[in-house]
Amino acid sequence: WALVSAGETGLDAEIAQSARLAASSNDAYQLALATGTLLTGKGKPSPAGLQGAARLVAMQEASGAWTRADHSITRSGGLNLQIETTSLAVLALLQSGQHLESARKGINWLQNNRSGYGQWGATQSFPLISVHSALLPNGKVIFWDYSGNTRLWDPATAAITSPAQP
């Protein structure tokens, strides 16, 4: 979605995969991303994107949220995942130019699920606060928490471990 929005080219295989997801995925997060990708760009919205938008509307809960998602690309879960999924679904519906009532219901749900300080949840569920962190060559992230403990996070599994000290 972001690459298409930025005007990148040479993404035919990725756009074709988005069309397949828009036609078949029962995961609202994936469907919202695929639909947003297909509806981004110049000119008339693609038929596959409009089909994805219609499928998103059918997945919306009575509350206005989209809750049928396994996880996000940042491994979010729970309310954070619902906020992220609902936000993406609303953006995709707005790009379709159709289903504006469903988009409004989603926006209302988002407004009703802010904290008392006008904030939404994290886009990533992370149980520790990192003071310093670094991406390692193996794709894992080493970080130090407030107590000075060294931790290792594997984004692929969401596992956090305490490595042996040298």
Side-chain angles (χ1 to χ4, degrees), residues 1-130 133 135 139 141 153-158:
W1 191 348
L3 293 173
V4 172
S5 295
E8 290 293 320
T9 58
L11 299 171
D12 294 342
E14 291 82 359
I15 292 170
Q17 176 61 21
S18 292
R20 287 189 288 278
L21 278 173
S24 64
S25 182
N26 291 320
D27 184 293
Y29 184 87
Q30 289 182 2
L31 179 57
L33 283 174
T35 300
T37 299
L38 295 168
L39 293 172
T40 298
K42 298 177 180 162
K44 225 166 112 175
S46 75
L50 294 176
Q51 177 190 14
R55 291 189 70 235
L56 272 174
V57 169
M59 294 176 108
Q60 189 176 28
E61 301 292 332
S63 67
W66 278 267
T67 60
R68 288 182 260 167
D70 180 56
H71 66 275
S72 70
I73 59 172
T74 58
R75 307 300 283 180
S76 293
L79 183 60
N80 290 333
L81 177 59
Q82 291 175 13
I83 289 168
E84 196 170 339
T85 302
T86 299
S87 298
L88 290 169
V90 165
L91 288 172
L93 292 180
L94 291 173
Q95 284 188 295
S96 78
Q98 302 176 6
H99 313 293
L100 298 181
E101 188 54 38
S102 290
R104 279 188 202 94
K105 280 176 58 178
I107 291 167
N108 287 338
W109 183 86
L110 288 166
Q111 289 174 332
N112 290 331
N113 282 277
R114 292 181 301 179
S115 74
Y117 300 104
Q119 301 170 342
W120 287 273
T123 58
Q124 181 172 2
S125 299
F126 200 72
L128 298 170
I129 297 174
S130 171
S133 60
L135 178 63
V141 177
W153 174 53
D154 184 346
T157 64

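Just so it is clear, the structure is predicted and the values come from calculations on it, not from any experiment.
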Test item: D27 side-chain N/O and A69 main-chain N/O as donor-acceptor pair under 3.5 Å: no
Using a 3.5 Å distance criterion without hydrogens, assess whether the side chain of R55 forms a donor-acceptor pair with backbone atoms of L50. no
To the nearest 0.5 Å, tell me how far [X] [atom1] sits from [Y] [atom2].
X: D70; Y: T85; atom1: CG; atom2: OG1; answer: 10.0 Å
X: I83; Y: L88; atom1: CD1; atom2: CG; answer: 12.0 Å
X: Q95; Y: S5; atom1: CD; atom2: OG; answer: 6.0 Å
X: L100; Y: L94; atom1: CG; atom2: CG; answer: 6.5 Å

Side chains of T67 and E61: any donor to acceptor distance under 3.5 Å? yes
Donor-acceptor pair between W66 and E84 side chains, under 3.5 angstrom: no
Minimum heavy-atom distance [X]-[Y], with the two atoms named:
X: S72; Y: L81; result: N-CD1, 3.6 Å
X: S46; Y: L38; result: OG-O, 3.4 Å
X: T35; Y: A53; result: CG2-N, 3.5 Å
X: A34; Y: S18; result: CB-O, 3.3 Å
X: G64; Y: T86; result: O-CG2, 4.1 Å
X: L56; Y: A92; result: CD1-CB, 4.0 Å

Is the closest side-chain heavy-atom distance between [X] and [Y] below 4.5 Å?
X: Y29; Y: R68; answer: no
X: L3; Y: L11; answer: yes
X: N108; Y: Q111; answer: yes

Verify side chain to side chain donor-acceptor pair (under 3.5 Å) between W109 and Q60, making sure each step is shown before the conclusion. CA-CA 11 Å; W109 183 86; Q60 189 176 28; over 6 Å; no
Which pairs count as salt bridge (charged side-chain N to carboxylate O under 4.0 Å, His left out) when at least one residue sits in residues 3-15, sequence neighbours excluded? none
Test Q98 against L93 for side-chain contact (heavy atoms from CB on, under 4.5 Å), laying out the working first. CA-CA 7 Å; Q98 302 176 6; L93 292 180; over 6 Å; no
